[in-house]
2 protein chains.
Amino acid sequence: MPKNINFDKLSHQPAYRVVSEKIRNAIVSGEIKTGELLPTETTLAEQFGVTRSTIREAIRLLEHGGMLGRADRKRLVVTLPQTDTVGRSVSSALLMHRVTYEELWQVAMGLEPLASKLACSTATAKDKQRLTANLVHTAEVMDNHDALLEAEIEFHDLLANATHNSALLLARAPLNELFYPAAWGAVIRALSPGKRILVAHQHIYGAICANNPDKAEEWMKKHMLDFRRGIEMGNLGFNEPVKG
Amino acid sequence: MPKNINFDKLSHQPAYRVVSEKIRNAIVSGEIKTGELLPTETTLAEQFGVTRSTIREAIRLLEHGGMLGRADRKRLVVTLPQTDTVGRSVSSALLMHRVTYEELWQVAMGLEPLASKLACSTATAKDKQRLTANLVHTAEVMDNHDALLEAEIEFHDLLANATHNSALLLARAPLNELFYPAAWGAVIRALSPGKRILVAHQHIYGAICANNPDKAEEWMKKHMLDFRRGIEMGNLGFNEPVKG
DNA sequence: GCTGACATATTGTCCGACAATATGTCAATT
DNA sequence: AATTGACATATTGTCGGACAATATGTCAGC
């Protein structure tokens with residue numbers, strides 16, 4: 001009787017994938033530090049024992065994630081993935097999943113008040129200064145729909161940055177890219193809520209400067225609920241998929 | 001006096017980037033639907049008027065985002081990016097940013113109670129059935145550290161899936177991959193809190209079945225705070241960077 | 001010391017080739 | 001009729017070499 005040999009399904013990974021994974025490991029493990037130049041394609045090809053074409057495909061795999069940037073448009077340099085870079089691939093995924101405004105709003109309801117609360121204890125002088133400048137600018141452009149939208153988005157982004165929590169920044173990246181531009185844009189065009197927006201922002205900012213986390217959180221919640229009412233009043237299709 | 005001609009700094013994007021972007025647009029705009037096969041490399045090369053190598057590099061750029069998968073290990077097929085696939089690149093980014101357990105915990109504090117609350121009204125019978133099975137299994141393996149950790153992670157994942165909110169799922173993907181395995185793992189090994197975990201899960205599950213969002217949210221908060229206390233009691237380096 | 005010419009290095013793109021493998025076709029066999 | 005096997009075909013993975021464009025380094029000349 002023949003032995004029952006158990007062959008494990010051999011996983012024939014293409015070479016460019018293997019190479020890519022090796023480079024990726026070298027990067028996240030810190031073996032190649034951020035800011036350092038990646039070896040040239042030819043030397044990489046020699047080291048891994050493959051052709052330059054294969055190396056190039058492996059590099060492309062990583063390039064999209066944002067961990068590789070261009071130093072001088074020639075040599076590649078290891079870079080810290082920026083929020084917006086990573087956010088773009090997440091946003092693509094969400095668009096393909098036909099994510100609705102409602103779903104994004106729910107996430108925003110979870111993250112934005114949290115950001116407000118955290119920012120109270122983490123915001124630096126520089127952060128507060130940027131927020132101040134944003135408020136001034138918002139007051140100036142209150143009647144310009146496009147400029148107002150831009151200022152509104154910037155406020156939320158500055159606030160999130162003031163937490164200095166990279167996990168939070170990445171988690172809310174799709175809000176910047178998908179949710180606010182489309183949803184706030186619609187509300188602003190339909191209702192011209194410049195005044196209401198500014199007042200809410202001012203209260204949030206005030207609470208942060210007063211180091212009052214609860215109040216900051218509460219006002220951000222109000223702000224988001226207010227926004228939701230705007231969507232509903234304008235009958236703007238809260239349950240429809242976001243269109244990129 | 002010569003006219004002041006204003007040349008805009010021409011941005012010489014490499015061909016593989018342009019091609020990649022065009023394909024990406026075709027995909028997210030739905031021009032190529034999910035499940036459909038991507039044209040073969042040679043036809044793409046003819047259509048875009050570039051070489052196959054260039055096409056291949058363009059494809060690699062998209063492949064990492066998870067919007068392209070392999071149908072039969074040959075032809076490429078357009079696929080819905082899975083949570084874990086997208087999550088992996090986010091996790092890489094977070095690792096490079098030297099994200100701390102504390103930061104991830106803060107995000108978890110924002111998203112997990114939210115998931116509990118939302119799941120009350122969205123969980124299907126199938127979802128609840130899966131949760132039940134998880135609870136039974138958790139009770140069985142309560143003294144096996146590895147199995148308990150796995151069950152604990154699965155509970156939170158099932159809960160999040162029960163919201164059927166893809167934005168929320170993507171936002172919390174790094175928790176599954178980075179936070180829970182390392183942090184919960186440490187707590188479980190140090191304190192053997194199997195009983196406490198199970199009780200908390202049962203309360204959350206009970207609140208969902210009773211359609212009591214406030215209670216579900218509250219218990220999840222307790223659960224997360226409890227976990228944090230565990231970390232602090234064990235003196236397990238809450239403020240250190242997560243090691244991948 | 002600065003400038004400009006020149007060689008060098010590196011990437012972007014092209015071309016052609018071949019092996020491995022999945023798919024389709026069709027005849028032979030049971 | 002259904003299955004099998006042989007064979008041609010299509011497609012991807014990998015190779016090797018080639019050349020243009022451009023950034024970098026070097027060195028003479030002013």
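Every chain is numbered from 1, with letters handed out A, B, ... down the list of sequences. Values in this document were obtained by computation on a predicted structure and should not be read as measured data.
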Is the shortest distance from a Lys or Arg side-chain nitrogen in Arg70(A) or Glu63(A) to a carboxylate oxygen in the other one below 4.0 Å?
yes
Separation of Leu37(B) atom CG from dT23(C) atom C1', in whole Å?
12 Å
Is any side-chain N or O of Arg56(A) closer than 4.0 Å to OP1 or OP2 of dG12(C)?
yes
Kindly say whether Pro39(A) contributes a backbone atom to a donor-acceptor pair with the side chain of Thr43(A) at under 3.5 angstrom?
no
Measure the distance from CD on Glu57(B) to C1' on dG13(D) and round it to the nearest whole Å.
14 Å
In this structure, how many angstroms lie between the C1' atom of dC15(D) and the CD atom of Glu41(A), rounded?
16 Å
Whole angstrom is fine here: how far is it from CG in Leu38(B) over to C1' in dA10(D)?
16 Å
Could you tell me how far apart Arg52(B) (CZ) and dA17(C) (C1') are, to the nearest whole angstrom?
10 Å
How long is the line joining CG of Leu44(A) and P of dA9(C), in whole Å?
17 Å
If we ignore angles and hydrogens, is there a donor and acceptor under 3.5 Å between the side chains of Ser92(A) and Ser89(A)?
no
What is the nucleic acid contact for Arg60(A), judged by heavy atoms within less than 4.0 Å: base, sugar-phosphate only, or nothing?
sugar-phosphate
Return yes if some donor-acceptor pair links the side-chain N/O of Ser116(A) with the main-chain N/O of Leu159(A) below 3.5 Å, else return no.
no
Nearest whole Å is fine: how far is dG13(D) C1' from Arg75(B) CZ?
15 Å
